[in-house]
Asks: 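Handing you this structure, nothing more for now.
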Amino acid sequence: MTGQRPTAKGNGIVMKDPITVSITGAAGQIGYSLLFRIASGAIFGPDQPVHLKLIEIEPAMGALAGTVMELDDCAFPLLAGVTPTADLDEGFAGASLALLVGSIPRKEGMERNDLLGINGKIFTGQGEAIARNAAGDIRVVVIGNPCNTNCLIAMNNASGVDRDRFFAMTRLDENRAKSQLAAKAGVHANAVSNLCIWGNHSATQYPDFVNARIAGTPVTEVIEDRAWLEDDFITTVQQRGSAIIKARGASSAASAANAAIDTVRSLLTPTAEGDWFSVAVCSAGQYGIDSGLIASMPIRTDDNGNWSVVEGIEIDDFSRGKIDASVQELREEREAVSDLIPA
Ligand code: NAD
Ligand code: LMR
């Protein structure tokens with residue numbers, strides 16, 4: 001069944017009005033992990049119905065129909081409606097959340113920005129359609145690679161939508177970094193906090209171990225092997241996407257969907273006292289990062305659901321060099337897509 005459907009009654013939970021969530025690339029690998037978790041309440045909780053607008057290109061509409069059948073077959077109490085479509089205006093109409101996944105993944109031996117020429121142009125029309133159709137409270141999270149610069153393109157083509165509504169996903173990198181540090185220290189990943197990924201979701205990203213903490217103690221005091229932190233740790237996080245492509249023959253999907261859910265939850269939920277999370281946002285010049293670039297930084301969400309960049313974090317010479325290298329790559333990517341960014 002597609003379109004509007006009645007929401008669950010009689011389970012003792014008072015349901016809110018449905019939220020519209022638009023997801024591009026819904027018939028793809030990430031989509032297959034993402035849709036079912038959103039429909040089961042993983043982002044918005046047990047009292048918030050969702051209407052899913054599933055956007056695909058025409059050749060994938062058949063496969064998408066199969067995914068919609070499976071959504072129907074789950075009988076999710078929170079699924080208020082499903083709209084599969086190849087029409088961007090229909091797909092983004094009334095959206096409060098847009099997850100821009102649809103794009104080509106890289107293959108073994110490629111860097112993510114090798115995809116710019118193929119994927120970049122997808123995000124001009126999507127930015128325009130979001131501006132025409134989305135709800136006033138829209139949040140846009142770009143996952144399709146190279147996600148920072150695709151987000152830059154979408155944002156610059158979404159005339160009239162505030163820049164603070166656009167995000168690119170580096171949460172998978174944060175989760176990977178936490179997991180690596182936890183394994184080295186012999187603790188659960190949950191003990192790692194204050195982990196910022198700086199810059200680009202690429203091989204230049206900088207997972208900041210200098211400011212990260214394990215059970216409240218600086219990582220550098222818990223893990224005294226500085227050479228491991230500066231070399232193996234950073235390289236492992238930077239190259240994790242490639243390692244997964246090599247091992248699976250396909251890029252990460254379930255962990256990427258999980259990180260997308262974590263990202264939105266962190267943007268909607270007050271951040272724990274003293275902590276921060278990673279997502280790429282439009283820089284206003286913080287930490288010497290050029291204004292207007294979509295760069296990953298340490299972010300907090302307040303009690304009213306507003307996010308801000310955490311200022312005043314120590315940047316030592318080692319970190320400065322790493323951040324500058326990633327920002328330089330973002331500048332070069334912006335230059336490479338200048339024809340897709342309206343003057
Ligand atoms: P996939 O090939 O399995 O699925 C992509 C889907 O996008 C396909 O169904 C395709 O038909 C659809 N698509 C292509 N062009 C589209 C368009 N213009 N509009 C709507 N849909 C379109 O790929 P996947 O594994 O789901 O990965 C999707 C993207 O996410 C890739 O670019 C991948 O590199 C990226 N990714 C990013 C992260 C991250 O951390 N930011 C992590 C993993 C993957
Ligand atoms: C990842 O980090 O796993 C994704 O960006 C996919 C890729 O190309 O590495």
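We count ligands from 1, going down the list as the structure has it; atoms in each ligand are counted the same way.
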Asks: Identify, for atom 34 (O) of ligand 1, the protein heavy atom at the shortest distance, and state residue, atom and that distance.
Replies: Asn145 ND2, 2.8 Å
Asks: Decide whether Val264 and Trp276 are clustered together by the hydrophobic rule: side chain heavy atoms of Ile, Leu, Val, Met, Phe, Trp, Tyr closer than 4.5 Å, transitively.
Replies: yes
Asks: Identify the protein heavy atom lying closest to atom 31 (C) of ligand 1, giving its residue, its atom name and the separation to 0.1 Å.
Replies: Pro105 CA, 3.6 Å
Asks: Heavy-atom distances under 4.0 Å are what count here, so tell me which part of Glu108 touches ligand 2: side chain, backbone, both or neither.
Replies: neither
Asks: Could you check atom 37 (C) of ligand 1 against the protein and tell me its nearest heavy-atom contact, residue, atom and distance included?
Replies: Ile143 O, 2.9 Å
Asks: Note the single closest protein heavy atom to atom 22 (C) of ligand 1, along with its residue, its atom name and the distance in Å.
Replies: Gly102 CA, 3.7 Å
Asks: Strictly distance-based, threshold 3.5 Å: is any side-chain N or O of Asp275 a donor or acceptor partner for the main-chain N or O of Asn194?
Replies: yes
Asks: Does ligand 2 have any atom sitting under 4.0 Å from a heavy atom of Met110?
Replies: no
Asks: Using non-hydrogen atoms of the residue, decide whether Ile244 is closer than 4.0 angstrom to ligand 2.
Replies: no
Asks: Tell me the contacting part of Asp173 for ligand 2: side chain, backbone, both, or neither, using a 4.0 Å heavy-atom threshold, strictly below.
Replies: neither
Asks: What about Phe166 and Phe123, are their ring centers closer than 6.0 Å?
Replies: no
Asks: Test your reading of the model: is there a side-chain donor-acceptor pair from Asn148 to the backbone of Ile294, 3.5 Å cut-off?
Replies: yes
Asks: Short question: side chain of Ser103, backbone of Val101 - any donor-acceptor pair under 3.5 Å?
Replies: yes
Asks: What part of His201 sits under 4.0 Å from ligand 2 if we count only heavy atoms: the side chain, the backbone, both or neither?
Replies: side chain
Asks: Output the list of atoms in ligand 2 that are nearer than 4.0 Å to some heavy atom of Ile245, sorted by atom number.
Replies: 7 (C), 8 (O)
Asks: Counting only heavy atoms, tell me which of Arg171, Glu56, Arg240 gets closest to atom 9 (O) of ligand 1.
Replies: Glu56
Asks: In the protein, which heavy atom is nearest to atom 17 (C) of ligand 1, and how far is it?
Replies: Ile57 CG2, 3.4 Å
Asks: If you take the nearest heavy atom of each of Val101, Ile23, Leu100, which one is closest to atom 28 (C) of ligand 1?
Replies: Val101
Asks: Identify, by atom number and element, the atoms of ligand 2 in contact range of Arg106, meaning under 4.0 Å from any of its heavy atoms.
Replies: 7 (C), 8 (O), 9 (O)
Asks: Mark up the atoms of ligand 2 that fall under 4.0 Å of a heavy atom belonging to Ser251, in ascending order.
Replies: 6 (C)
Asks: Note the single closest protein heavy atom to atom 27 (O) of ligand 1, along with its residue, its atom name and the distance in Å.
Replies: Ile30 CD1, 3.5 Å
Asks: Just by modelled atom types, is the Ser251 backbone N or O under 3.5 Å from a matching donor or acceptor in the Gln29 side chain?
Replies: yes
